[in-house]
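In what follows, chains carry the letters A, B, and so on, assigned in the order in which the sequence lines appear, proteins first and then strands, with residues in each chain numbered from 1. Small disclaimer: the values here were computed from a predicted structure and weren't measured.
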Number of protein chains: 2
Amino acid sequence: MKLQRHNAIRELLVGSRVTNQDELRRKLRRRGFAVTQATLSRDIHELRLYKGPGGYSLPSLNGHTPAAETGEDDGPPSMAEVMASFGLRVNHAMNQVIVRTVMGGAQPVAAALDHEEWPDVVGTVAGDDTVLVICPDSRRAGEVESRLKKILES
Amino acid sequence: MKLQRHNAIRELLVGSRVTNQDELRRKLRRRGFAVTQATLSRDIHELRLYKGPGGYSLPSLNGHTPAAETGEDDGPPSMAEVMASFGLRVNHAMNQVIVRTVMGGAQPVAAALDHEEWPDVVGTVAGDDTVLVICPDSRRAGEVESRLKKILES
DNA sequence: ACCGCGCATGAATAAATATACAACAGATCT
DNA sequence: AGATCTGTTGTATATTTATTCATGCGCGGT
């Protein structure tokens, strides 16, 4: 339940402007999520959202890397979440890994992946439903692939 | 007066962590600026600061792109201009070069790169914040990488 | 000089956000 | 089954942030 709501929030934020939590609450309600402001305050904290001029934004939308700031990252936090709801399948070819996602899911997945800053990931390119992950070489592409597959299946 | 205070705030933010306006008020007072929370709320608005996990941060430290906002176009923007505004870092793997940019910056960077028509660039693919540059081979990818890095650091 | 205007500010207060606490639902035991 | 633990949520409230309103200051025009 919470997971779907979190993803709904992510999607809302990339699509529209949200200035405060009550506005977010109303928009979510229209999408079938009826929760209170208190819950959203907690969600916002968990999603590590930023608030600035123009309302709330995803960490990946403003280039912030919360992990780098807080210094500690307790395992794979959002990657598992995001993959669970968007990820479909994973393949690799040469030094590239292809992650197929549901429509519109590539962006969040790539953002989460960037956020994790895996040493074997040189960069990502996200379309609408496909993420292209570039690795240093073929071997490490294979490792990244299996790592993503494991996350996907967990 | 306000200007000095604004600068003091900027400096404080890069040096230390500020989680709320009252903390900011106390830190500023130690530096000789005695103002109330109300004033700081206005300052924060004027400085377009962001608040996220870990407190307040400068727009320049996240995805804000002043250059893109003040956008007045006088001809084709040079690679240097575009990279200065959008570019974050450059890597390469095999025959590919990855240019990370701020959100939404990939498109302009790729366009500028295409426009320059470097012989070592076979083609480019732009996502939202990443440009994938394809080169003929690994060696020339390395050259393109260092060339872009030099531009980025200038 | 006086007046009027714009701007910066503080005090008070409204609005927005975070949290303490309690209730509840599902697990996972014995 | 009952006991206990863990995690999620709502209510009520505390804390934090934005705004309203009033005041004072400097400046240009009359």
Residues forming a side-chain hydrogen bond (donor to acceptor under 3.5 Å, both in side chains) with [X], sequence neighbours excluded:
X	result
A:T19	A:E23
B:R10	none
A:K51	none

With side chains defined as the heavy atoms from C-beta onward, is the minimum distance between [X] and [Y] less than 4.5 Å?
X	Y	result
B:L40	B:L28	yes
A:N95	A:R140	no
A:W118	A:V144	yes

| Salt-bridge criterion met for B:E46 and B:R42 (N-O under 4.0 Å) |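 No, this pair does not count.
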
| request: Treat each ILVMFWY residue as a node, draw an edge where side-chain heavy atoms are under 4.5 Å apart, and state whether B:I98 and B:M94 are in one component. | output: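 No: no chain of side-chain contacts under 4.5 Å links B:I98 to B:M94.
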
| request: Produce a footprint string for nucleotides 11-20 of chain C: one letter per nucleotide, 5' end first; B if the base is under 4.0 Å from any protein heavy atom, S if only the sugar-phosphate is, - if neither. | output: B----SBBBB

| task | Quick one: pull up CD in B:Q96 and CD1 in A:I134 and give me the separation to the nearest 0.5 Å. | result |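 CD1 of A:I134 is found 5.0 Å from CD of B:Q96.
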
| field | Value rounded to 0.5 Å, distance of CG in B:L13 from NZ in B:K27 | value |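 Reported value, rounded in 0.5 Å steps: 9.0 Å.
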
| request: Could you tell me, to 10°, how much the axis swings from one end of the helix from C:dA1-D:dT30 to C:dT30-D:dA1 to the other, five pairs per end? | output: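 That helix has its two terminal axes inclined by roughly 20°.
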
| Positional range of nucleotides in DNA chain D within the contact set of chain A, heavy-atom, under 4.0 Å |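 Extent of the interface on DNA chain D: D:dT8 to D:dT11.
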
| field | Gap between atoms CG and C1', on B:D43 and C:dT9 respectively (whole Å) | value |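 From B:D43 CG to C:dT9 C1': 10 Å.
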
| task | Could you tell me the separation between the CG atom of B:L28 and the P atom of C:dT9, rounded to a whole number of Å? | result |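 In whole Å, C:dT9 P and B:L28 CG are 12 Å from each other.
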
| request: Using a 4.0 Å heavy-atom cut-off across all strands, classify A:R5 as base, sugar-phosphate, or nothing. | output: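 A:R5: backbone/sugar contact only, no base atoms under 4.0 Å.
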
